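What you see is a predicted model; the values in this text were computed from it and never measured. Note that the numbering runs from 1 along the sequence shown for the chain. In each ligand, atom 1 is the first atom listed, and ligand 1 is the first ligand listed.
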Amino acid sequence: MENLYPIFVKLEGQLCLVVGGGKVAERKVGSLLECGARVRLVSPEVTVPIKEWADQGKLELRQRQYQTSDLEGVFLVFAATNREEVNRRVAEECSARSLAVNVVDDPGACNFFVPSVIRRGKLAIAVSTGGASPALAAKIRRQLELQFGPEYQEFMDILTEVRRQVLKGVADIQQRKRIFNDLVESDILDLLRKKKYDQVKERIQNAYRGNRS
Ligand SMILES: C[C@@]1(CC(=O)O)C2=NC(=C\c3[nH]c(c(CCC(=O)O)c3CC(=O)O)Cc3[nH]c(c(CC(=O)O)c3CCC(=O)O)/C=C3\N/C(=C\2)[C@@H](CCC(=O)O)[C@]3(C)CC(=O)O)/[C@H]1CCC(=O)O
Ligand SMILES: NC(=O)c1ccc[n+]([C@@H]2O[C@H](COP(=O)([O-])OP(=O)(O)OC[C@H]3O[C@@H](n4cnc5c(N)ncnc54)[C@H](O)[C@@H]3O)[C@@H](O)[C@H]2O)c1
């Protein structure tokens, strides 16, 4: 297999199809909804959380077996039934339409994989083993969760705001670059961990003034 090409996709408002309504489908739906996707789910039987999402209007439920017409208007597809022949049919029909498709029981038939992800605000770190070992991807995710604690979320909020102000107020590109680098190289993360917010403010001001800290 060639290298996988990693991208982060905006799913907000995009229609995504999930075929199947078991535990695996439920996990995929959960992550789709977190990203603001519109979800259509086709399955004769569904788990309790899937039924609840449907009742709350969070997804469109077609409670029957998969039909080709379910593909109409969709952006990407998950074949997540426990029946190999159904998953294979979905994969073939998606390929014929150049649709992005993930087949939960057949890495060879996927044209994208779902990685294991940690999020800290806008920071997302995604891990994939190219389908070789989802268990290892999950283990590395757990290790990263310890290394990148909740303080990264606050740091991301600070960086977002400072970047917005600097892009507006500092014309010189070299100066901007220096400010951004000084901020990421500073001890702000450590100060956030210790909740020393006054010193955090000081570090931000120092970066603006060009005093290294
Ligand atoms: C990352 C994560 C994302 C997500 O799904 O949300 C994900 N699987 C997760 C969990 C998980 N997967 C499995 C179990 C049961 C325990 C076990 O058997 O290990 C558990 C539950 C658990 O670990 O708790 C088994 C399993 N997985 C696949 C097969 C089929 C096969 O390999 O043939 C089988 C065997 C089924 C069987 O037994 O028949 C296939 C895929 N699973 C992938 C992703 C893609 C490759 C990712 C990569 O590149 O590494 C790929 C190829 C397709 C895809 O689904 O995109 C998520 C971890 C999230 C996290 O915890 O952080
Ligand atoms: N990719 C992964 O991360 C991963 C992880 C674990 C297991 N798996 C594999 O995923 C598959 C599904 O696992 P599960 O635990 O969710 O299974 P499950 O038995 O809980 O659910 C299967 C679902 O498929 C639906 N279904 C059956 N025929 C259908 C059809 N013709 N059209 C639409 N829906 C149909 C059923 O109604 C049911 O909701 C298994 O084959 C398993 O090997 C994948």
Undergrad: Any luck finding a side-chain donor-acceptor pair between Tyr208 and Gln175 under 3.5 Å?
TA: no
Undergrad: Just to confirm my output: which protein heavy-atom neighbour is closest to atom 34 (C) of ligand 1, and how far is it?
TA: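 It is Val104 O, 4.6 Å.
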Undergrad: Between ligand 1 and Lys28, can you find any atom pair, the residue atom being a heavy atom, that is separated by under 4.0 Å?
TA: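 True for this residue.
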Undergrad: Heavy atoms only, cut-off 4.0 Å: how does Pro115 contact ligand 1, side chain, backbone, both, or neither?
TA: backbone
Undergrad: Check this for me: does any side-chain nitrogen of one of Arg193 and Asp190 sit under 4.0 Å from a carboxylate oxygen of the other?
TA: yes
Undergrad: Might you check, step by step, whether the distance between atom 11 (C) of ligand 1 and some protein heavy atom is under 4.0 Å?
TA: yes
Undergrad: Check if Ser31 has a non-hydrogen atom at a distance under 4.0 Å from any atom of ligand 1.
TA: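 No heavy atom of Ser31 comes that close to ligand 1.
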Undergrad: Heavy atoms only: which of Lys23, Arg27, Arg141 is nearest to atom 57 (C) of ligand 1?
TA: Arg27
Undergrad: Which pairs pass salt bridge (charged side-chain N to carboxylate O under 4.0 Å, His left out) with one or both residues in residues 63-82, sequence neighbours excluded?
TA: Arg62-Asp70, Arg64-Asp70
Undergrad: Quick test: of every protein heavy atom, which one is nearest to atom 32 (O) of ligand 1, and how far off is it to 0.1 Å?
TA: Pro107 CG, 3.6 Å
Undergrad: Are there any N/O pairs under 3.5 Å between ligand 2 and the protein, and if so, what are their distances?
TA:
residue	atom	partner	partner atom	Å
ligand 2	1 (N)	Val104	O	3.1
ligand 2	3 (O)	Arg27	NH2	2.6
ligand 2	16 (O)	Lys23	N	3.1
ligand 2	16 (O)	Val24	N	2.9
ligand 2	19 (O)	Asn82	ND2	3.2
ligand 2	32 (N)	Tyr66	N	3.1
ligand 2	37 (O)	Ser43	OG	2.9
ligand 2	37 (O)	Glu45	N	3.2
ligand 2	37 (O)	Glu45	O	3.3
ligand 2	39 (O)	Gly21	N	3.0
ligand 2	39 (O)	Gly22	N	3.3
ligand 2	39 (O)	Ser43	OG	3.1
ligand 2	39 (O)	Glu45	O	2.8

Undergrad: Is there a continuous path of hydrophobic side-chain contacts, each under 4.5 Å between heavy atoms, that joins Phe75 to Val29?
TA: yes
Undergrad: Is the distance between the ring centroids of Phe78 and Phe112 under 6.0 Å?
TA: yes
Undergrad: Establish whether atom 4 (C) of ligand 1 and some protein heavy atom are separated by less than 4.0 angstrom.
TA: yes
Undergrad: Mind checking whether Asp106 has an N or O less than 3.5 Å away from an N or O of ligand 1?
TA: no
Undergrad: For Ala135, is at least one N or O under 3.5 Å away from an N or O on ligand 1?
TA: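 It does not: no N or O of Ala135 is found under 3.5 Å from an N or O of ligand 1.
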Undergrad: Before accepting this row, confirm whether a basic side-chain N of the pair Glu84/Arg88 lies closer than 4.0 Å to the acidic partner's carboxylate O.
TA: yes
Undergrad: With nothing but distance in play, are any N or O atoms of Gly130 less than 3.5 Å from an N or O of ligand 1?
TA: yes
